Amino acid sequence: MRSFLLNIKTNTPTIKWSLLPDNVFFEGDIPEGFCLAVCPTNEKQIILDVDNKNGKCGYNHIPSYIMEELANTFNYKTKSGGGHYFLNYTGNKLLKNCSTSYGLDLRIGANKSTGNAGGYVKWHYYKDIRECIHLIKDTSLELNEWLEKLFSNE
């Protein structure tokens with residue numbers, strides 16, 4: 001994982017975040033007008049971003065058996081009532097960093113061999129990401145299949 005500053009007004013990173021080395025974290029007080037963002041550092045670290053805004057509620061598109069598994073990995077609610085679910089993807093298919101029309105977005109780590117720069121989410125949790133990494137769980141076969149249907153071209 002990595003963390004860095006986002007400009008709140010423009011919702012853009014203050015640096016070329018995809019070039020940050022693994023395990024580089026913003027430290028210190030967050031300046032006024034900024035917030036923190038986090039991003040995975042490889043294609044096996046993923047963040048499922050569930051939206052609940054603009055008429056979309058991603059939770060309506062998550063089967064209950066998947067929601068049970070998501071509840072057991074590191075996650076937190078976002079300001080809009082959505083959530084960020086951090087996972088270690090154990091499948092073999094190449095997942096895409098993309099959004100869906102269901103209000104479900106996937107943010108994955110960069111993959112230099114495919115040219116995928118990866119993605120990031122706003123950090124809405126009260127602890128440093130480094131204190132939470134050990135809480136991130138591996139995905140099950142069922143969760144892999146569900147993620148692959150939504151976020152893979154294979």
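Everything numeric here is computed off the predicted structure, so don't read it as measured data. Throughout, residue positions are numbered sequentially from 1 according to the sequence presented.
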Contact summary for [X] and [Y], nearest pair of heavy atoms:
X	Y	result
C39	G119	CB-O, 3.1 Å
G58	I62	O-CG1, 3.5 Å
Y120	T12	OH-CA, 4.5 Å
L70	Y85	O-CD2, 3.4 Å
H84	K122	CE1-O, 3.1 Å
C132	K127	SG-CB, 4.2 Å

- Hey, can you tell me if H124 and Y76 have their rings parallel, tilted or perpendicular (30° and 60° cut-offs)?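 Perpendicular, since the angle between the ring planes exceeds 60°.
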How long is the span from the [atom1] atom in [X] to the [atom2] atom in [Y], to the nearest 0.5 Å?
X	Y	atom1	atom2	value
L87	D138	CG	CG	9.0 Å
L95	K44	CG	NZ	7.5 Å
D22	N42	CG	CG	7.0 Å
L48	D105	CG	CG	8.0 Å
H61	K56	NE2	NZ	9.5 Å
I8	L6	CD1	CG	8.5 Å

Taking side chain as C-beta onward, heavy atoms only, is [X] less than 4.5 Å from [Y]?
X	Y	value
P13	L5	no
I46	R107	no
M1	I136	yes
F25	R130	yes
D49	L106	no
L150	L104	yes

In terms of hydrophobic clustering (I, L, V, M, F, W, Y; side-chain heavy atoms under 4.5 Å; direct or indirect links), are [X] and [Y] co-clustered?
X	Y	answer
I129	L135	yes
L143	Y59	yes
L141	M67	no

Can you check whether [Y]'s main-chain N or O pairs, donor with acceptor, with [X]'s side chain at less than 3.5 Å?
X	Y	value
S3	A37	no
S80	K53	no
R2	V38	no
N72	E68	yes
N7	K9	yes
E69	T139	no

[X] and [Y]: side chain donor to acceptor below 3.5 Å:
X	Y	value
N88	K137	no
T90	N144	yes
E131	Y125	no
Q45	T41	yes

- Query: Would a line drawn from the ring center of F4 to the ring center of F26 be shorter than 6.0 Å?
  - Reply: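 When the ring centroids of F4 and F26 are compared, they turn out to be at least 6.0 Å apart.
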- Do W146 and F151 have ring centres separated by under 6.0 Å?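 No; F151 has its ring centre 6.0 Å or more from that of W146.
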- Message: Using a 6.0 Å cut-off, check whether atom OH of Y102 has over 12 heavy atoms from anything other than its own residue.
- Response: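 Result for OH/Y102: open.
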- Applying side chain to side chain contact (heavy atoms under 4.5 Å, CB included), run through I133 and F74 and close with a yes or a no. CA-CA 8 Å; I133 290 174; F74 175 68; over 6 Å; no
